[in-house]
Amino acid sequence: MGGPHQQPAVVARGAGWTDLALSGGDCFILSRGQGTLLRVPLQAGASPVVAASGLAQPNGLFAAGDTLYWLETATAPGSVLAFVPTAGPMLRLRMRDGAGAIRTISDWPGARGLATLPGSDIVGATPTEVYARVIRPASTEFVRFRLPSGEAERVAIESGSQHAVVREGQLYWTAPSDEAASDAAVAQVRRPAEDGGVETVAEWLPAPGVLLARPDGTWYASSQLYRLPRKLGPAEIRGSFRARRVATDGARVILLDGPTPQAYVNSKE
Amino acid sequence: MFRKEVSGRTVAIATVLILGIVQFIYWRLLVYSPPTTPGEMGGAPPGPSGDMALGLEDVEVGTLAGDVPGYADGPPWKAQFCGPNALALERGGSLLVADSRNHRIRRVTPAGVVTTVAGDGPAGGAGGKAEGPALEARFRYPSGVAAGPAGEIFIADTGNRRICRLQDGVVSVLAGGAGGATDGTGAAAGFQAPAALTVAPDGALWVLDAGDLRTRRVDASGTVTTPAAVPEPVQAALGETATKPQPILLSAWVERGTEPTLTAFQVARRSPGSMPPGLPRFFADTEHGSVFMQRPGGPPLLLAGRRPAAGAGALPSDGGGHRASFALPCSVARAPDGAIYVAEYEAHRIRRLRLPDWLLAGELEAPGRRRNWRGRRGS
C-alpha cells in the first residue's frame, strides 16, 4: 500500500496470490492454486480472512463498487471431448456481493487448456452487464453476461490474442486489421454498432497493443500512445515509448519501461 | 514562360528511386510475413526427448473455407465458422458441417462456398430449441451431423440432448430431449450430450454420447437402444477416443542427428473420422493438433501437423504437411476424389489435405527420395 512519493507499507504477506482488487474498503486477493478468495483489511499488519474457498482455478478478479466478479473453470466429470461445447470445459462467471453472498451467474463454453491459457479475465462491469475476455488457443472471445439473469452472448470473437476495455458501458476491443496483409502486426479497434453489428473505430494501429479507458476517451498503447477518435478516423498520436506494461489511474497513463514507473500526462493537463 | 530543363539522367534516377521506394513499401507492409521458426507461430519446441515429429512435405494442406471466426455464408474467403466440430460427406460431394458455436448446420461445396442448411437465432447466443422449417429451427451447440441414404440429414442437437432429422426442408425430432441414458422411443429416450453420428450400412443411426461415452443406436422409428457390442466400423467412425482412450503408437519421420528415422510416438486421443473398412483410415489427434493415416493392420502415419503440439496461442497455418499446424482438429472426412477434409474447432476453419499418389499407393516415402520432408531431397 502506498502512493506517489510515499514509502510502500506491507499490508499482508502470503504465497500463491494471483489477482488483487479493492472493494468496500478492503483488499481482495485470489489464490489460484489454493482456490481461495481472501479479504484483507487495508491496514498494515492485517491478517487475510478467507472469504470463499473451493473455487475452481479462479482467475480475473474484478471489482465494481462493492461487488466482486471472477472466472472459474469447470470441467464435467469424465469429459474428454474438448470440442463438444456442452461436454468440454466451461468458463464460469461468479460474483460476491457487498453482503458477502457468493453465487454463480452463468457458464460459457471454454476451451481445452483454458486453465493454462493466460489472460482470460473480466474486462468491465456495469450494473446490468459483465464483460469477460476469454483467451482461446487461437482466438479471443468477448462475452457479455446480463445481470441478474445471467444470459450470456458472444459480442465478438477475433483471431489471436486481443485486448479490450469497457468505457461508459461500451466494450472496445482490438482485432487484426482488415486492411493490412500482415494482420498480426497491424491492429484495429472495434465496438458494437448501434444497428447491432460491429463498427471499426480506428485502423492501422501497431500490434500488439492494449486499450485504456480514461474520462477523456479511449486510448491505445503500443509502441506509440494513441487517443482514439469517437467515430472511424485516424487515431491521434500522443507520444512514443517502448513500455513493457501500461495502465491508467483515470487521469494519467502509467508507463513501466524500467525499474521506475513513469506517468504520461497529456499536454492539456 | 519559364521552363526548367531537367536532364534525362536525372529523370531516370528519380524514377528508379521512386520505383524502389514503392516496391519496398509494397513488400514490407503488404507482402512480407516474418519467417516462422520452432516455438513461434505454427512452430513447436522439441519434445522432452529432443525429437520433433513432422508431417510429410508432400501432403498439401490448405483451407477449404473459413477465415476469421464468426458467422457468415459466402465464398471461402468470406465464410466464417465458430467452432466447427463435425463433418459428413453428402453424395454430391459437398460437406455438411456442424457449426457448433453458431448453432447451425452448414454446407460447403468442393469449391468452398458455404451456405446455411439449418438453424436460426443469434449466432453468438447460447442457442435455442425449435423444430420446423430448416432455416427457422433452433439448435443448441449441435456437435454431430450425418447424411442419410435418402438425402435426409441427421443432427446431434447436443445441448438440447436430442437427435433431429432434416428431411424435405423440415427439422423434426427423431429421439431424445431429456437428460439421462434411458433407452426408449422418441421423447422417451434420454441423452446427455449426443455428439458424433454415423449411419451404418443397414440404415441405423449410431450416436456417441459425449456426456457418458456410451454408444447408442437409433432406428428409423426413433427407437434408441444401447447395444452391448458395437460393430468395429461404427466404433471407428464415431471415434475410438471415447470408448478406448488408451494411447496408441504412430509412425512419424523424426529429425535425429542427420538422418530421418521412422519413430514411434504415443497419441493420446483420437477423433471421429471417416473410416470405411478395408481402406486407410484418417483421423485427427485433437490433443496435439495433427492428422494421421492408418492402413489396415499398420501403425498410424503422421500426415500433417507437428508433435509435440504448438503451444497456446499458436495460430494454425497451411502449407506442406511438415509446416502445417492445426488448432484442435476434431473431425475428418475423405472425399471421393481423395481429398481429406478436417474440421478445426479452435481455428474455425475447414482444412483440405491433398495426398501424393505414392502415399495412397502404400509407400512410406516418396520413390527416389531419401528424405521427403523439410525440403531436402536426395536420390
Side-chain angles (χ1 to χ4, degrees), chain A residues 76-88 106-119 135-146 150-162 175-186 192 196-198 204 208, chain B residues 28-34 41 67-70 82-86 100-101 122-127 140-141 143-144 156 158-159 161 192-193 195-196 208-213 239 241-242 245 269 271 286-287 289 310-316 327-331 343-348:
Chain A
S79 170
V80 295
L81 301 180
F83 52 88
V84 179
T86 57
S106 188
D107 287 346
W108 185 256
R112 175 181 65 89
L114 194 68
T116 58
L117 292 173
I135 303 291
R136 307 183 72 90
S139 59
T140 304
E141 189 170 28
F142 302 103
V143 183
R144 174 171 50 212
F145 296 89
R146 296 192 188 278
E151 179 188 349
E153 65 179 329
R154 178 177 72 233
V155 179
I157 181 167
E158 306 288 357
S159 299
S161 181
Q162 305 297 339
S177 169
D178 276 338
E179 298 179 353
S182 178
D183 57 7
V186 184
V198 170
W204 290 98
Chain B
R28 186 66 180 85
L29 296 185
L30 301 179
V31 176
Y32 173 77
S33 63
M41 286 166 38
D67 184 14
V68 296
C82 191
N85 62 358
S100 67
R101 300 191 63 225
R140 187 164 186 264
Y141 303 112
S143 299
T158 309
R161 306 166 188 259
Q192 289 195 26
L208 171 68
D209 193 318
D212 57 12
L213 304 184
T241 305
R269 288 170 186 164
S271 75
T286 59
E287 196 74 2
L315 298 177
L328 218 72
C330 56
S331 185
E344 215 174 346
Y345 181 72
E346 285 292 357
H348 316 286

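Contact detail for B/Tyr141 and A/Trp108: the closest heavy-atom pair is OH-CZ3, 4.3 Å. The shortest non-hydrogen separation linking B/Asn85 to A/Val84 is ND2-CA, 4.2 Å.
Among B/Pro84, B/Gly125, B/Ala343, B/Ala193, the residue with the largest count of heavy-atom pairs under 4.5 Å with chain A is B/Gly125. Chain A forms more heavy-atom pairs under 4.5 Å with one residue of B/Pro122, B/Ala86, B/Ser143 than with any other, namely B/Ser143. When each of B/Ala156, B/Gly144, B/Cys82 is scored by its heavy-atom pairs under 4.5 Å with chain A, the top score falls to B/Cys82.
When side chains are defined from C-beta on, B/Arg140 counts as touching A/Thr86, because their heavy atoms get closer than 4.5 Å. Contact annotation: the side chain of A/Pro137 never approaches that of B/Leu328 to less than 4.5 Å [non-hydrogen atoms, C-beta and beyond].
In this structure, CD1 on A/Ile157 lies 4.0 Å from NE2 on B/His348, to the nearest 0.5 angstrom. Between the OG atom in B/Ser100 and the CZ atom in A/Phe83 there is a gap of 10.0 Å [rounded to 0.5 Å].
Contacts of A/Glu141 with chain B are made by side-chain atoms alone, with heavy-atom separations under 4.5 Å and no backbone atom involved. Contacts of B/Pro69 with chain A are made by both backbone and side-chain atoms, with heavy-atom separations under 4.5 Å.
For B/Ala123, the side chain to side chain contact (heavy atoms under 4.5 Å, CB included) test picks out A/Arg154, B/Tyr71, B/Asn102, B/Arg104, with sequence neighbours left out.
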